[in-house]
Number of protein chains: 2
Amino acid sequence: MNLKQLSEILGLSQTTVSRALNGYPEVNEGTRIRVQAAADKHGYRPNIRAKGLATGRSMVIGHVIPTSSRHEMVNPIFGDFVAGAARTYAEKNYNMMFTHAPDTSIEDSYRSLFSRGAVDGVVLQGPKVNEPRISVLSNMGVPFIVHGRSTGVDLPYDWIDVNNQRSFERATQFLIDLGHRRIALINGLEEMDFAQRRRNGYMAALQRAGFTPDPALLRSAEMTEIYGYQTVCDMLKLDDPPTAILASSIISAVGVRRALEENGLKMGRDISVIAHDDELSYMRNGQDVPIFTATRSSVRRAGELAAEMLIERINAPDDPPKSCLLEAELVVGNSTGPVRQRL
Amino acid sequence: MNLKQLSEILGLSQTTVSRALNGYPEVNEGTRIRVQAAADKHGYRPNIRAKGLATGRSMVIGHVIPTSSRHEMVNPIFGDFVAGAARTYAEKNYNMMFTHAPDTSIEDSYRSLFSRGAVDGVVLQGPKVNEPRISVLSNMGVPFIVHGRSTGVDLPYDWIDVNNQRSFERATQFLIDLGHRRIALINGLEEMDFAQRRRNGYMAALQRAGFTPDPALLRSAEMTEIYGYQTVCDMLKLDDPPTAILASSIISAVGVRRALEENGLKMGRDISVIAHDDELSYMRNGQDVPIFTATRSSVRRAGELAAEMLIERINAPDDPPKSCLLEAELVVGNSTGPVRQRL
DNA sequence: CTGGGTATTCAAAGCGCTTTGAAAACCGAG
DNA sequence: CTCGGTTTTCAAAGCGCTTTGAATACCCAG
């Protein structure tokens, strides 16, 4: 059932039918009702491609996944972010499209996505320091939003981010206040912008307290469970092991816990742990009592907001750049406690 | 830059340019090269919507996420499956589209997706027992593939699944062979088809060994970490607690481990645990030595295969139904051991 | 040279929708 | 009645591509 057929059934022109269905004012109310009824009855749905062709809009938002980040798509954080975005898209009648592109041709992918008219805008996830994708998109003059920011890129662009620096600074300060001096940071991959900021926060707190950071207590890698486990196992072998640990994600924190338990240490008593909690659905930080003391910020919510901001941008390409900085909350659980003298 | 402009530059008709670019045989080789060069030079990309409109193909595969399964999109299992599918799509020049739809209008969503020409096929994930979506799609006569199967639906349809029954039967048998009698099953949501099959496997092994299953040792819910934790805490309070546990996912197994450790029990010695391992990227089951003895099957691989099967179906709508049953491997780690007499 | 086949190229129609510019229908005031 | 001004409806053009059916160019046997 297409527009032509429907309009023939109704004995009206395609113009009128189209307008009636799209809520234009210049159509008689009686006609509109009649048209709507017929459309419902015959289950008419406008062909999305034809519509897009005519309007120049695709009503699709693209998410490009670099092939390199083999885990990206799969990263639970990514998943929750996307789930949030999906919610907004559904509400605003947008669709979400994923493209897998080799890193070498990432620019090409974006260009192709837009010039082929496949999407109206894109979401850029996981920005690195000096993220090259930002200038690519910026030069193309297309609507996009960055989840995170990129140090070193001074173009104006829309972004939404959590205040990583402040939240890690606070967490570190919290540990310092509990008497800890040997604080380890189990960070995400160093090239990622968020990791950089978290480290800065951590460093800032240490320095303010007059401590010299120990490189042996600083690690960075992709935030898996194994990584958290392995790192803690290694660090416990140091002559002067940490008395507190900051983990960049709940997933790694699970590994941290495994390592501690295997070594007969009790979190909160023998060693303190703070994790960054993105509020992942499948890995909640406990129920009533948090398992981990944590810096908490819903990545799902960030996804919702990012999508909203992007859609606004699409509808008003010339508005000044927007940004949104979310503050993480520090929730105190049982994984932290006053420093304990040498075990 | 569109086809018309490009053909004007070249002094050729749109027909010829289009054919040259699409590899039709009836175009002179010299011309083809000239056209290709000009296209590259000017960065011409055919408009995907116009192309779709003309060919009737969208080159898009849809994944519909029921709103109800709040976690679905976020479910790490889902993520890995989709990552696998994405890989295949990229290879075959398909795109992947997600739609979030309220459960009440799931049928409508499918209908709309196809009748609006938005997708060429869909992947149905997380089928329940008597899954109604299958007959909806089947009646619509559109290409689709089910990840999993649905007991109670006897229409023919394409599916790919892991042999859940056999793998849980083997795992249970393995525990029985180690001398366990009190074996708990921490299963997924009962309405899910896979959970049903896993339970059947578990029951079959128990019955064959002549044991009567104890309902107190059987739980089902969404497979979160908390769920695994809570369930084990509860079961340990029984007069006659289990000596072995079967967990339906690594995520829940992490919770199981937490509960055991909190209760001072050591996996493999005091109590045996087998988990089902979908080989999630962010939650690997250890490195060299598996953390958990597990029934292992890559859900990512399943995603790749599902996508391939679906694309085949799209290209040959009248082929007989296809299916693919993957066998899970039983990998033995340190979480299982001979039964221990009352603690 | 010429005719008939083959290799190339082309103009135009069509995919299903929106939108422009014009026509028709309707209205109450004069 | 008639007329200017609203409403309401319409025919047709256009979005950018593929594809059909026809035309032209080319080639070699006769």
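Quick note on labels: first sequence line is chain A, next is B, and so on, each numbered from 1.
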Which residue lies more 5' along DNA chain C, comparing A/Leu3 with B/Val27 via nearest heavy atoms: B/Val27

Any B/Ser13 side-chain nitrogen or oxygen under 4.0 Å from OP1 or OP2 of C/dC10: yes

Side-chain N or O of A/Asn2 closer than 4.0 Å to phosphate OP1/OP2 of C/dC15: no

B/Leu12 side-chain proximity, nearest of C/dC10, C/dG21, C/dC17: C/dC10

Salt-bridge present (A/Asp193, A/Arg149; N to O < 4.0 Å): no

Sugar-phosphate, base or nothing in reach of A/Gly30, heavy atoms under 4.0 Å: nothing

Length of the line joining B/Glu26:CD and D/dC26:P, which is rounded to integer Å: 18 Å

N/O (side chain, B/Lys51) to phosphate O (OP1/OP2, D/dT18) under 4.0 Å: yes

Protein-nucleotide distance (B/Asn28, atom CG; D/dC26, atom P), rounded to Å: 11 Å

Under-4.0 Å side-chain N/O to phosphate OP1/OP2 contact, A/Asn47 with C/dC17: no

Presence of donor-acceptor pair under 3.5 Å, side chain of A/Thr31 and base of D/dT9: no

B/Thr55 vs A/Ser18, nearer the 5' end of DNA chain C by closest nucleotide: B/Thr55

Rounded distance in Å - CD (A/Gln14) to P (C/dC17): 8 Å

Spatial distance of atom NZ (A/Lys41) from atom CG (A/Leu6) [nearest 0.5 Å]: 10.5 Å

Closest nucleotide among D/dG21, D/dT9, D/dG16 to the B/Arg19 side chain: D/dG21

Short N-O contact, B/Asp158 and B/Lys322, less than 4.0 angstrom: no

B/Leu53 CG to C/dT18 P, straight-line distance once rounded to whole Å: 12 Å

Sugar-phosphate only, base, or nothing, as touched by A/Ile48 at under 4.0 Å among non-hydrogen atoms: nothing

Presence of B/Tyr24 side-chain N/O under 4.0 Å of D/dT19 phosphate oxygens OP1/OP2: yes

Closest to side chain of A/Thr15, choosing from D/dA12, C/dT9, D/dG16: D/dA12

Between D/dG16 (C1') and B/Met1 (CE): distance, integer Å: 13 Å

B/Glu131 and B/Lys128 ion-paired at < 4.0 Å: no

Cationic N near anionic O, under 4.0 Å, A/Glu304 to A/Arg300: no

Shortest side-chain distance from A/Tyr44, nucleotide among C/dC17, D/dT18, D/dT19: C/dC17

